[in-house]
Amino acid sequence: MTARRAQAQEPPPALNALMTQAVADGKPRYMGSARVYPPTAKRATWRVVYRAPGRRELSGGRTAASLWAAVTLAEAEARRESLPHEEHTVAEMVAECVRRHQSTGKWGERTVGDRRRDLGFLLRVDGVAGLACRDLAVEHLRAAVARAGTAQRGKFITARLAELLRWGRRNDYLSSDQVGLIDRVEWVPPVGYEAPGKVRGSTRRAGTDADAVPREDVLGHNQVNTLATALAPRYRHGALLVHLAAATGLRGGEILCLTAAADVADSGNGSLVDLDAWLVRVRWQLGEQGGHHLLLPKGDKVRDVVIPVQARLATGFDLRTALDDRVAAARQEQAAGANPRALLFPAARGGWLWKGQLEDRWRAAMTDLDWPSTTVTDANGCTRTYWKYTLHSLRDRYAVTAVDEWHFTRSMLYAQGGWEDMATVERYYYGVTDDTHSQVVELLGGNSSSEQLLLRYAESHAKGASVTA
């Protein structure tokens with residue numbers, strides 16, 4: 001029974017007399033299986049205590065109507081919990097599965113949100129949410145998987161449903177035969193559906209296979225400048241955000257919680273940009289599951305990232321001067337009440353900037369630049385455009401700069417970039433730019449003499465143990 005239905009029921013006439021007696025002697029009264037406690041000097045509301053199956057409490061409010069609604073809900077909850085698990089609805093099974101995994105810490109906040117969305121494929125099938133668990137059949141599972149728009153997503157949803165069924169069997173919601181139903185489920189594309197090409201392959205090639213033009217994997221320095229210029233009109237701090245990401249390798253969530261105020265950082269409400277030491281003290285990243293909140297950086301990689309001087313940035317951007325100006329402005333905004341956390345990259349009204357808001361502006365800049373993208377249509381007819389370069393692509397730029405130009409050792413790369421190991425960098429971040437081919441031409445047969453090039457190469461690698469990919 002819902003709270004709305006309970007509140008719609010009229011309280012019995014005898015309830016007022018029972019409440020008067022309970023207040024007079026200060027003792028609780030039984031109403032069905034629930035115990036009702038009268039208000040006290042420290043508590044102005046009634047309390048309803050019941051077992052379902054453990055001890056639980058509800059507020060009974062201040063009136064006879066609100067008390068009766070609470071008692072009605074308590075009775076319904078107690079009856080529901082006394083049912084065999086197989087009599088519970090599929091929606092109740094899913095909710096309990098998520099709750100237990102969350103309460104035991106097996107699923108973090110992000111995973112909980114993902115699983116609710118994944119298992120929602122089953123709950124959104126007509127009639128399934130209120131279906132008793134014992135009646136869950138293979139056609140319900142097939143209908144859930146069919147809602148996926150691609151074969152890959154269908155395979156993923158099938159795996160998540162299999163996990164749910166196994167959990168349901170262990171906790172007596174489902175039978176062994178029902179667990180085996182998932183083996184008879186497979187995503188089948190609708191008639192006439194053509195699978196889209198892979199996103200990465202589509203965005204890295206132009207033209208047909210016969211005249212395809214190779215595209216670089218990583219933004220070049222000139223492209224970083226171009227992107228910063230394109231984003232600046234879309235977001236007032238867009239140019240600084242692009243250059244900071246390319247020069248420090250910070251993730252998007254880490255950038256959006258940067259603060260200019262030490263007191264804000266000390267209270268755990270942001271990561272400090274420390275201009276006295278020229279460090280970005282990465283302590284948090286901004287999460288958005290269920291609203292804005294701060295989380296530890298990915299992999300708990302708390303670190304201090306050095307802010308490079310202009311001479312070490314091939315873009316020519318004077319990052320330290322730009323940050324000095326922005327930090328001063330953020331502190332002034334804080335003093336005026338327009339930016340309470342002194343965020344370097346706030347929303348228009350001074351609060352947290354939603355990643356979606358930044359992504360909208362990013363996509364507009366990509367459109368202005370006519371940079372590579374690909375649009376795919378899934379089996380449900382939903383289209384989505386993927387841009388080759390995202391904010392996270394600037395982390396790729398940082399990896400290439402750190403390895404090829406700054407000659408970081410492995411330990412330096414791990415400490416500054418927050419990566420787990422070199423294999424991760426080599427597989428996902430280290431790549432080629434639009435300058436790579438011209439550099440090879442220069443090295444192996446360009447305008448410079450071979451002796452000069454070999455000397456330059458030897459000097460660059462003598463500066464430190466270079467990380468090679």
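Quick caveat, the model's predicted, so the values are computed rather than measured. Just the heavy atoms: all of them, side chains too, but no hydrogens, waters or symmetry mates, feed the values below. One is the number of the first residue; the rest follow in order along the sequence.
Taking a cutoff of 4.0 Å between a charged side-chain nitrogen and a carboxylate oxygen, Arg331 and Glu333 do not qualify as a salt bridge. Salt-bridge check for Arg153 with Asp118: passed, with a basic side-chain N closer than 4.0 Å to an acidic carboxylate O. Using a cut-off of 4.0 Å between Lys/Arg side-chain N and Asp/Glu carboxylate O, Asp325 and Arg320 are scored as not salt-bridged.
The distance from the CD1 atom of Ile307 to the CG atom of Leu275 is 6.0 Å, given to the nearest 0.5 Å. The structure places CD of Gln21 at 11.5 Å from CG of Asn16, a figure rounded to the nearest 0.5 Å.
Side-chain atoms of His88 and Met93, non-hydrogen and from C-beta on, never get closer than 4.5 Å to each other. Contact check for Pro346 versus His237: side-chain heavy atoms found under the 4.5 Å cut-off. Counting heavy atoms from C-beta on, the side chains of Arg361 and Leu231 come closer than 4.5 Å. A 4.5 Å side-chain heavy-atom check between Ser66 and Trp46 finds every atom pair outside the cut-off. With a 4.5 Å cut-off on side-chain heavy atoms, Thr385 and Thr374 do not count as touching. Using a 4.5 Å heavy-atom threshold, the side chains of Tyr50 and Arg55 count as separate. Here the side chains of Trp362 and Arg234 are not in contact, with every heavy-atom distance at 4.5 Å or above. Contact check for Gln334 versus Val264: side-chain heavy atoms found under the 4.5 Å cut-off.
Judged by distance alone, the side chain of Gln285 and the main-chain N or O of Leu296 form a donor-acceptor pair under 3.5 Å. Checked by atom type and distance alone, the side chain of Thr259 pairs as donor or acceptor with a backbone atom of Arg341 at under 3.5 Å. Judged by distance alone, with hydrogens and angles left aside, the side-chain atoms of Gln102 form no donor-acceptor pair with the main-chain N or O of Arg99 at under 3.5 Å. At least one donor-acceptor pair under 3.5 Å links the side chain of Arg142 to the backbone N or O of Arg184. Of the possible polar contacts, none joining the Glu426 side chain to the Ala423 backbone as a donor-acceptor pair under 3.5 Å is found. In this structure, the side chain of Gln416 does not engage the main chain of Gly249 through any donor-acceptor pair within 3.5 Å. Under the 3.5 Å distance criterion, the side-chain polar atoms of Asp274 are left unmatched by any main-chain donor or acceptor of Trp278. Judged purely by atom type and a 3.5 angstrom limit, His293 uses its side chain to pair as donor or acceptor with the backbone of Gly291. Of the possible donor and acceptor atoms, one in the side chain of Arg303 sits under 3.5 Å from a partner among the backbone N and O of Lys301. The backbone N or O of Asp318 lies less than 3.5 Å from no partner atom in the side chain of Thr321, so there is not a single donor-acceptor pair.
Aromatic ring centroids of Tyr389 and Trp371 lie under 6.0 Å apart. Aromatic pair Tyr173/Trp167: ring centres closer than 6.0 Å. Aromatic pair His392/Tyr398: ring centres not closer than 6.0 Å.
Ring pair Trp354/His292 is tilted by interplanar angle, where 30° to 60° counts as tilted. Ring planes of Tyr193 and Trp187: perpendicular class, angle over 60° (limits at 30 and 60°). Below 30°, between 30° and 60°, or above 60°: for Phe345 and Tyr235 the angle between ring planes is between 30° and 60°, a tilted geometry.
Annotation: salt bridge (Lys or Arg N to Asp or Glu O under 4.0 Å) contacts of Arg100 (sequence neighbours excluded): Glu96. Glu186 pairs by the salt bridge (Lys or Arg N to Asp or Glu O under 4.0 Å) definition with nothing, not counting sequence neighbours. Scanning for salt bridge (Lys or Arg N to Asp or Glu O under 4.0 Å) contacts around Arg134 gives Glu87, with sequence neighbours left out. Listed by chain and residue number, nothing satisfies the ring-ring contact (aromatic ring centres under 6.0 Å, His included) test with His140 (two or more places apart in sequence, or in another chain). Arg363 meets the salt bridge (Lys or Arg N to Asp or Glu O under 4.0 Å) test with Asp360; sequence neighbours excluded. Annotation: side chain to side chain contact (heavy atoms under 4.5 Å, CB included) contacts of Pro233 (sequence neighbours excluded): none.
The two residues Leu272 and Ala265 make their nearest non-hydrogen contact at CB-CB, 3.7 Å. The shortest non-hydrogen separation linking Leu294 to Gly268 is CD1-O, 3.3 Å. Between Thr424 and Tyr429, the shortest heavy-atom distance links the atoms O-CD1, 3.6 Å. Nearest heavy atom pair, residue Leu256 against residue Lys355, reads CD1-CG, 3.8 Å. Residues Phe317 and Leu240 approach most closely at CE2-CD1, 4.3 Å, considering heavy atoms. Here the shortest heavy-atom pairing between His85 and Asp172 reads CB-O, 3.2 Å.
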Going through the checks in order, is the side-chain hydrogen bond (donor to acceptor under 3.5 Å, both in side chains) test met by Thr377 and Thr383?
CA-CA 4 Å; Thr377 303; Thr383 60; 5.3 Å; no
Evaluate the side chain to side chain contact (heavy atoms under 4.5 Å, CB included) criterion for residues Gln223 and Leu369: first the C-alpha distance (whole Å), next the side-chain angles of each, then the deciding distance (0.1 Å), finally the verdict.
CA-CA 10 Å; Gln223 290 172 306; Leu369 295 172; over 6 Å; no
One pair to check against side chain to side chain contact (heavy atoms under 4.5 Å, CB included): Thr89 and Val128. What are the steps and the verdict?
CA-CA 8 Å; Thr89 66; Val128 167; over 6 Å; no
Step-by-step side-chain hydrogen bond (donor to acceptor under 3.5 Å, both in side chains) determination, Ser176 to Arg169
CA-CA 6 Å; Ser176 298; Arg169 177 65 190 96; 3.0 Å; yes
Side chain to side chain contact (heavy atoms under 4.5 Å, CB included) evaluation trace for Leu241 with Ile255
CA-CA 8 Å; Leu241 188 149; Ile255 290 176; 4.1 Å; yes
I would like to know whether Arg35 and Tyr30 meet side-chain hydrogen bond (donor to acceptor under 3.5 Å, both in side chains); could you show each step before the answer?
CA-CA 4 Å; Arg35 181 178 291 185; Tyr30 275 102; 2.2 Å; yes
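Annotation for Asp25: atom CG counts as buried by contact number, over 12 foreign heavy atoms lying within 6.0 Å. Gln152 CD: 12 or fewer foreign heavy atoms inside a 6.0 Å radius. Residue Arg43 places its CZ atom among more than 12 non-hydrogen atoms of other residues, nucleotides or ligands, all under 6.0 Å distant. In this structure, Arg384 places its CZ atom where only 12 or fewer heavy-atom neighbours from other residues, nucleotides or ligands lie under 6.0 Å away.
For the residue pair Thr111/Arg115, the side-chain donor-acceptor check at 3.5 Å is not satisfied. Remark: the Ser267 side chain and the Asn269 side chain contain an N/O donor-acceptor pair separated by less than 3.5 Å.
Both cation-pi conditions hold for Arg124 and Phe121: the charged atom is under 6.0 angstrom from the six-membered ring centre and inside a 45 degree cone around its axis.
Results of the side-chain contact (heavy atoms from CB on, under 4.5 Å) test with Leu250 over Leu391, Val280, Leu394 single out Val280 as the only residue that passes.
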